[in-house]
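Working notes for the structure below.
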Amino acid sequence: MLPLNTPLASSVLAVPHSRIRELADLAFTLPGVLRLHFGESSISTPEFIKAAAIQALKDGYTFYTENAGLPSLRVALAQKYWELHQVTLDPGAEIVVTASGVQALHLAIRLALDPGDEALLLTPAWPNASSIVRMYSGLPIEIPLIFFESKYGINFDRLESAVTSRTRLLVYTSPSNPLGWVASSTDQDQLLEFARRHLLWLLADEVYERIFFRGRVAPSILRKCTREDAVLVVQSFSKSYCMTGWRLGWLVARVDAARKAAQLNEFVVSHAPSMSQKAGEAALLHGEPEIRSMLQRYSEQLALCKEVLAPVRNVVAPEPDGAFYLFPKIESLGDSFAFCKELLLQEKVSLAPGCAFGNGGEGSVRICFAADRGILEPALMRLAAFLERWNPQEEKLS
């Protein structure tokens with residue numbers, strides 16, 4: 001047998017293992033775990049969406065579609081952008097349907113970067129963007145948001161100092177996973193001005209836009225930019241319509257970028273599943289009552305989180321404006337992965353460690369409050385009891 005001495009590509013070896021998945025893999029081996037580590041609602045996909053997929057199968061939507069997705073779905077997406085944001089998009093030229101928001105993120109980053117290029121990423125953030133940059137032999141530069149008076153903000157001085165001759169891309173998430181932070185109108189103006197001045201692509205992950213506690217929808221950067229701006233918006237059906245398993249998303253981009261993204265789709269997945277696309281159309285057309293009901297539930301569960309954690313010493317939990325996460329800072333926490341592992345082993349509660357979300361994440365943990373209340377409430381009670389016993393000076397249970 002020949003020795004295994006042919007190496008893997010250095011770009012993939014540079015991709016770190018997900019600390020969330022590392023903890024989740026341990027949780028899967030233990031019985032009775034209350035799981036709050038993944039970013040997923042316990043609400044099943046609404047029945048009318050399932051019915052639309054079944055009907056699509058009966059109607060023969062089992063064949064290839066256009067690389068950019070079904071024209072009817074792209075039209076429905078353009079109509080929804082007008083309804084929610086009063087933004088006019090050309091469905092045939094500026095929207096590309098993808099097989100998940102993750103795949104849209106892949107396309108967007110690949111459009112912007114060549115090997116050796118640098119991407120600025122506002123963190124703490126879902127780690128997939130920085131890992132995808134590494135997969136394409138780019139260099140992610142993480143710029144942590146400023147935490148001041150229980151609120152997060154963008155450190156534009158750090159952004160300015162991080163720009164080099166190889167910087168090509170700026171990535172941010174609004175509403176944020178894991179912070180719940182939402183970019184203000186002023187933030188968006190400044191981000192757009194920064195990207196224009198430095199000739200950067202500006203990539204906005206807006207997957208959580210419908211999970212917004214200050215109005216009907218979180219403001220999109222598309223309200224601010226022109227159709228000629230180097231702006232890429234990643235989106236998904238997963239969170240707004242409880243369709244995580246359907247793998248359906250989309251990318252909004254400048255005409256030349258969208259055209260190239262559709263072409264690249266051919267060499268990645270060809271297109272999103274045909275029947276999922278028809279289900280997505282139904283979600284857009286009939287999903288507003290479900291979204292309102294979902295938001296009411298999340299609001300109540302956020303209130304529960306605050307009620308349980310408010311009396312706990314050494315914990316500061318910034319109020320999220322969007323998404324379905326709480327990201328409490330724990331005084332003198334130290335190693336958040338070790339903390340979450342001990343919580344899992346001792347209390348059978350699994351959270352996501354703050355270190356998984358890049359610069360600025362350590363010292364916190366992420367709680368997904370989209371879980372069923374029957375899981376969330378006992379998990380919070382166990383967490384609160386665990387925190388009361390936690391000795392921050394010694395970083396162990398007292």
Exercise. Of all the heavy-atom pairs spanning S137 and S11, show the shortest one and how long it is.
Key: OG-CB, 3.3 Å
Self-check item: Whether E362 side chain and N359 backbone form a donor-acceptor pair below 3.5 Å
Solution: no
Self-check item: Between CG on residue L191 and CG on residue L202, distance to nearest 0.5 Å
Solution: 6.0 Å
Quiz prompt | Minimum side-chain heavy-atom gap E66-H271 below 4.5 Å | solution = no
Practice problem: For residues V207 and S238, determine if any side-chain heavy atom of one lies less than 4.5 Å from a side-chain heavy atom of the other. | Solution: no
Quiz item: Considering residues at least two apart in sequence or located in another chain, which fulfil the ring pair (Phe, Tyr, Trp, His ring centres under 6.0 Å) criterion with H37?
Solution: none
Exercise. Using the six-membered ring wherever Trp is involved, compare the ring planes of F339 and F386 and label them parallel, tilted or perpendicular (cut-offs 30° and 60°).
Key: perpendicular
Quiz prompt | In one Ile/Leu/Val/Met/Phe/Trp/Tyr side-chain cluster, 4.5 Å: V75, L285 | solution = no
Exercise. Please examine the side chains of F324 and M294, heavy atoms only from C-beta on, and report whether any two atoms are closer than 4.5 Å.
Key: no
Exercise. With sequence neighbours left out, write down each residue that passes side chain to side chain donor-acceptor pair (under 3.5 Å) with S41, or none if nothing qualifies.
Key: Y298
Quiz item: Which atom names give the shortest non-hydrogen contact between V97 and R74, and what distance separates them?
Solution: CG2-CG, 3.9 Å
Quiz item: Counting only N and O atoms by type, is there a donor-acceptor contact under 3.5 Å from the side chain of T45 to the main-chain atoms of C242?
Solution: yes
Quiz item: Charged N to carboxylate O below 4.0 Å: is that the case for R254 and E94?
Solution: no
Quiz item: Where the side chain of R35 meets the backbone of A27, is there a donor-acceptor pair that is under 3.5 Å apart?
Solution: yes
Quiz item: Considering only heavy atoms from C-beta outward, does the side chain of C340 approach that of V365 to under 4.5 Å?
Solution: yes
Quiz item: Going by the angle between their ring planes, with limits at 30° and 60°, are F147 and Y152 parallel, tilted or perpendicular?
Solution: tilted
Practice problem: Return yes if some donor-acceptor pair links the side-chain N/O of D321 with the main-chain N/O of G180 below 3.5 Å, else return no. | Solution: no
Practice problem: Verify salt bridge (charged side-chain N to carboxylate O under 4.0 Å, His left out) between E193 and K224, making sure each step is shown before the conclusion. | Solution: CA-CA 10 Å; E193 187 278 331; K224 298 282 188 177; over 6 Å; no
Exercise. List for me each residue that meets side chain to side chain donor-acceptor pair (under 3.5 Å) alongside R196, sequence neighbours excluded, and say none if there are none.
Key: D229
Quiz item: Are L84 and V252 co-members of a hydrophobic cluster defined by side-chain heavy atoms under 4.5 Å apart?
Solution: no
Quiz item: Out of curiosity, L343 CG to S336 OG, how far, rounded to the nearest 0.5 Å?
Solution: 12.0 Å
Quiz item: Ignoring hydrogens and geometry, is there a side-chain-to-backbone donor-acceptor pair from R110 to L113 under 3.5 Å?
Solution: yes
Quiz item: Residues in ring pair (Phe, Tyr, Trp, His ring centres under 6.0 Å) with Y241, at least two apart?
Solution: F237
Practice problem: Search all heavy atoms of A119 against all heavy atoms of V133 and return the closest pair with its distance. | Solution: CB-CG2, 3.9 Å
Exercise. List the atom of A204, the atom of I221, and the distance in Å for their closest heavy-atom pair.
Key: CB-CG2, 3.9 Å
Quiz item: Does V182 reach the side chain of F212, with side-chain heavy atoms less than 4.5 Å apart?
Solution: yes
Quiz item: Residues two or more places apart in sequence or in another chain: which of them pass ring pair (Phe, Tyr, Trp, His ring centres under 6.0 Å) with F213?
Solution: none
Self-check item: Distance, nearest 0.5 Å, that separates CD of Q188 from CD1 of I154
Solution: 9.0 Å
Quiz prompt | For Y61, all residues meeting ring pair (Phe, Tyr, Trp, His ring centres under 6.0 Å), sequence neighbours excluded | solution = none
Quiz item: Does some side-chain heavy atom of T123 sit less than 4.5 Å from a side-chain heavy atom of I143?
Solution: no
Exercise. Would you sort out whether V217 and H85 count as a side-chain contact (heavy atoms from CB on, under 4.5 Å), showing the intermediate values?
Key: CA-CA 8 Å; V217 62; H85 300 289; 3.7 Å; yes
Quiz item: Of F357, F369, Y208, which meets ring-ring contact (aromatic ring centres under 6.0 Å, His included) against Y325?
Solution: Y208
Exercise. Identify the two heavy atoms, one from T65 and one from S274, that lie closest to each other, and give their separation to 0.1 Å.
Key: CG2-OG, 3.4 Å
Practice problem: For the pair F337 and I20, evaluate side-chain contact (heavy atoms from CB on, under 4.5 Å) and give the outcome as yes or no after the intermediate values. | Solution: CA-CA 9 Å; F337 186 87; I20 304 172; over 6 Å; no
Self-check item: Salt bridge present between E319 and K306 (N-O < 4.0 angstrom)
Solution: yes
Exercise. With rounding to the nearest 0.5 Å, note down the distance linking CD1 in I49 to CG in L284.
Key: 9.0 Å
Exercise. Apply side-chain contact (heavy atoms from CB on, under 4.5 Å) to the pair R227 and L89, showing each step before the final yes or no.
Key: CA-CA 8 Å; R227 300 283 69 81; L89 296 175; 3.9 Å; yes
Quiz item: Side chains of V171 and L122: closer than 4.5 Å at any heavy-atom pair?
Solution: no
Practice problem: Just jot down the side chain to side chain donor-acceptor pair (under 3.5 Å) partners of N265, sequence neighbours excluded, or say none. | Solution: Q103
Practice problem: State whether E160 and R197 are salt-bridged, where the test is any N-O pair (Lys NZ or Arg NE/NH1/NH2 against Asp/Glu carboxylate O) under 4.0 Å. | Solution: yes
Self-check item: Contact list for residues 169-180, test side chain to side chain donor-acceptor pair (under 3.5 Å), sequence neighbours left out
Solution: N177-R366
Exercise. Tell me, please, which residues at least two apart from K260 pass salt bridge (Lys or Arg N to Asp or Glu O under 4.0 Å).
Key: none
Quiz item: Thinking salt bridges, do E388 and R313 make one under a 4.0 Å N-O criterion?
Solution: yes
Quiz item: Which hydrophobic side chains are connected to V12, either touching it within the sub-4.5 Å cutoff or through other members that do?
Solution: L8, L13
Practice problem: Please name all residues satisfying side chain to side chain donor-acceptor pair (under 3.5 Å) with E281, sequence neighbours left out, ordered by chain then number. | Solution: S72, K278
Quiz item: What residues, two or more places apart in sequence or in another chain, satisfy salt bridge (Lys or Arg N to Asp or Glu O under 4.0 Å) together with R297?
Solution: D372
Self-check item: Between CG on residue L302 and CD on residue E300, distance to nearest 0.5 Å
Solution: 11.0 Å
Quiz item: Linking I/L/V/M/F/W/Y whenever their side-chain heavy atoms sit closer than 4.5 Å, directly or via other members, would L295 and L326 fall into one cluster?
Solution: yes
Quiz item: Mind checking whether L351 and M381 sit in one hydrophobic cluster, side chains of I, L, V, M, F, W, Y counted as touching below 4.5 Å?
Solution: yes
Quiz item: Just wondering, do Y64 and S270 contact through their side chains at under 4.5 Å, heavy atoms?
Solution: yes
Exercise. Give, for atom CG of L170 and atom CG of L200, the distance between the pair rounded to the nearest 0.5 Å.
Key: 6.5 Å
Quiz item: So, are E288 and R210 salt-bridged, with charged N and O less than 4.0 Å apart?
Solution: yes
Quiz item: What are the two closest non-hydrogen atoms of R214 and P320, and how far apart are they?
Solution: NH2-O, 4.1 Å
Practice problem: Walk me through it: do V102 and N128 pass the test side-chain contact (heavy atoms from CB on, under 4.5 Å)? | Solution: CA-CA 8 Å; V102 179; N128 288 42; 4.2 Å; yes
Quiz item: Looking at R382 and E377, does any basic side-chain N land under 4.0 Å from a carboxylate oxygen?
Solution: no
